[in-house]
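If you're wondering where the values come from, they're calculated on a predicted model, not measured in any experiment. Order of the sequence lines fixes the chain letters, A, B, ..., with proteins taken first and strands second; residue numbering starts at 1 for each chain.
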Amino acid sequence: MADAVVAEGLVKTYGEVRALDGLDLRVPEGTVLAVLGPNGAGKTTAVKILTTLIRPDSGTASVAGVDVIASPRAVRRTIGVSGQYAAVDEYLTGYENLDMVGRLYHLGAKQARQRARDLLEQFDLADAANRMAKTYSGGMRRRLDLAGALVAHPPVLFLDEPTTGLDPRSRTGMWQVIRDLVADGTSLLLTTQYLEEADRLADNIVVIDHGRLIAEGTADQLKSQVGGERLEITVSDGTQLRRAEELLTPLAVGAVVREDDRRGLLVPVDGGASQLADALRRLDAESIAVDDVGLRRPTLDDVFLTLTGHAAEDKDAPTTGHAAAKQESAP
Amino acid sequence: MSLFTPLADSLVVARRNLIKVKRVPDLLVFTTLSPIMFVLLFAFVFGGAIGGSVTPGGNASAYREFLIAGIFAQTVVFGSTITGAGIAEDVQKGIVDRFRTLPMSPSAVLAGRTLSDVMNNVIVLVVMSVTGLIVGWRIREGFLHAVLGYLLLLVFAYAISWIMAWIGLIVPSPEVVNNASFVVIFPMTFIANTFVPLTSLPGPLRFVAEWNPISTVTQAARELFGNIPAGGGLQTPSWALQNPELYTLLWSAVILAIFIPLANAQYKRSTSR
């Protein structure tokens with residue numbers, strides 16, 4: 001299968017800062033790659049290089065087989081781009097925005113008008129078609145921006161943090177829209193700070209930090225890199241948490257994480273259900289009551305923390321506050 | 001891609017900018033109300049005070065006639081700051097990023113922007129001319145000369161708007177364009193024959209004013225509209241002021257030759273931060 005996007009050894013420096021430090025990426029045709037990393041990891045810089053907005057200091061990149069540096073205009077005919085800050089013109093109506101983009105893709109006036117109407121319908125914006133984009137909610141603007149990226153049916157799509165700043169409901173809606181798109185065979189490179197988003201949408205994930213790739217694979221592969229399951233326990237009485245930690249430490253295959261604020265313990269184990277039963281017996285023997293107990297596979301939060309040594313530092317991530325909480329209580 | 005693609009793309013961009021003029025209150029005020037205010041303010045507030053020095057037997061109505069071309073020149077030059085601020089805003093908001101990822105003609109965004117500002121200046125000139133006619137200004141050299149006068153004003157403002165386009169691409173935010181252009185353009189439009197006769201200026205300032213292209217575009221418009229007051233008071237000692245049309249066109253050509261390539265090169269590197 002051909003590759004929709006290939007990047008090799010991309011380097012971009014801004015003064016002293018190495019925004020990209022030898023990054024390699026590959027998106028096989030018809031698949032979704034999520035580029036996962038915290039703010040400042042170099043995600044947007046990578047997208048800007050691949051979408052012809054900036055030139056790398058060194059390295060090569062091609063999109064749909066066309067060299068990004070040598071033939072930027074040919075690349076532009078095959079891509080759709082939707083940015084982190086919705087690049088819609090807020091003083092134009094939704095319809096005018098899409099019509100303008102269609103004309104600039106040289107669809108012709110009639111086609112551009114028809115395509116604008118179809119997209120507004122598809123993205124549930126038909127009722128707001130003749131209102132200035134200024135009056136749109138955050139979610140509506142993102143949808144309009146994404147619609148702008150799709151005007152010319154591009155085979156390769158770049159979405160730079162498509163849900164950053166959206167409320168959970170709009171975010172879920174956006175995910176559905178993106179899933180429908182890739183079901184049609186569009187190749188997609190998506191950047192995100194949200195671990196859950198990468199897990200939900202991507203076939204492959206690359207984790208980058210400080211402009212370097214630090215891990216790649218499917219969500220499952222990444223999770224297995226971080227080790228096996230975790231026993232997650234919440235005790236009823238917070239004063240017994242330390243005692244519970246002492247009791248369960250012998251079962252652990254790694255460091256036990258105590259989360260005082262939620263009266264919880266995370267115990268990495270390798271024995272599955274039998275160790276769950278063992279743990280409960282040990283706690284029961286000392287009459288430590290348990291509110292909640294479960295065995296779970298590692299989340300991408302755990303992956304990120306293990307790989308980078310710091311959490312994806314974004315407070316309004318849709319995943320729970322685990323990563324941040326763990327960092328605080330870790331020794 | 002045909003030969004007409006750049007033109008077609010420029011028109012799409014220009015149309016977008018003109019739609020915005022209708023909808024952004026600041027731009028609409030800039031285009032319609034402030035020109036009216038300028039004409040009325042200068043004509044009636046300064047008219048009486050300065051009038052005497054323009055014509056020997058000076059009176060306010062003679063001054064008003066003298067004044068109009070100066071206000072025209074100042075206002076269309078200020079209008080070019082819309083170009084710079086508009087482009088800086090488009091860069092900041094990521095609109096330029098979107099344009100630059102489209103397979104459109106790369107020169108169309110700046111060409112369309114500067115074109116729409118010419119249209120904007122046409123509206124400004126119409127509004128000011130009507131206001132001028134109401135307060136007593138008249139065109140006295142015939143229709144053809146008047147048209148040439150308007151064209152010269154538009155050509156000069158068009159050239160300035162390419163400087164502003166370049167500035168708009170290199171500054172970090174639209175506010176900087178407004179502030180920077182105010183600091184430069186405001187004095188430039190006053191160290192000139194726009195509002196006062198040059199004879200009233202002290203030596204060095206007078207030298208600057210005599211070679212200032214804003215003086216010459218004003219002088220040219222005044223001549224073409226037939227608004228040069230009879231009876232002296234307006235010596236025109238510099239070559240620039242004796243050949244105001246030619247001198248203004250030379251400046252416009254030089255500015256365009258420098259700033260069109262400069263702005264286009266900068267555009268190809270511009271992206272939001």
Chain A contact via B/Ile19 - which portion, at a heavy-atom distance below 4.5 Å: side chain
So which heavy atom on B/Ile95 is nearest to which on A/Val88, and how close? CD1-O, 3.6 Å
I'd like to verify something: which residue of A/Asp89, A/Thr51, A/Val75 has the highest number of heavy-atom pairs under 4.5 Å with chain B? A/Asp89
Please answer whether the main-chain N or O of A/Val81 pairs with a side-chain N or O of B/Arg98 as donor and acceptor at a distance below 3.5 Å. yes
More than 12 heavy atoms of other groups within 6.0 Å of A/Arg117 CZ: yes
So for A/Asp99, is it side chain, backbone, both, or neither that comes closer than 4.5 Å to the heavy atoms of chain B? side chain
Answer yes or no: does atom CE of B/Met119 have more than 12 heavy-atom neighbours from other residues, nucleotides or ligands under 6.0 Å? no
With a 4.5 Å cut-off on heavy-atom pairs, point out which of B/Ala8, B/Ala108, B/Pro106, B/Ser270 contacts chain A the most. B/Pro106
When you compare the side chain of B/Arg16 with that of A/Arg103, does any pair of heavy atoms fall below 4.5 Å? no
Between the side chain of B/Arg23 and the main-chain N/O of A/Tyr91, is any donor-acceptor distance below 3.5 Å? yes
Rounded to the nearest 0.5 Å, what separation is found between the OG atom of B/Ser105 and the CZ atom of A/Arg73? 5.5 Å
B/Lys268 versus A/Leu53: any side-chain heavy-atom pair under 4.5 Å? no
Proximity breakdown for A/Thr45 and chain B, heavy-atom pairs closer than 4.5 Å: neither
N/O donor-acceptor pair under 3.5 Å between B/Lys93 side chain and A/Glu90 backbone: no
Minimal non-hydrogen separation, A/His106 against B/Met104, with atom names: CE1-CA, 3.9 Å
Compare every heavy atom of B/Gly94 with every heavy atom of A/Ala87, then report the nearest pair and how far apart it is. CB-O, 3.2 Å
Whether B/Arg269 side chain and A/Ile54 backbone form a donor-acceptor pair below 3.5 Å: no
Around atom CD of A/Glu121, are there more than 12 heavy atoms of other residues, nucleotides or ligands at under 6.0 Å? no
If every non-hydrogen atom of A/Met100 is compared with every non-hydrogen atom of B/Val12, which pair is closest and at what distance? CG-CG1, 3.7 Å
Please classify the contact of A/Ala74 with chain B as side chain, backbone, both or neither, using a heavy-atom distance under 4.5 Å. neither
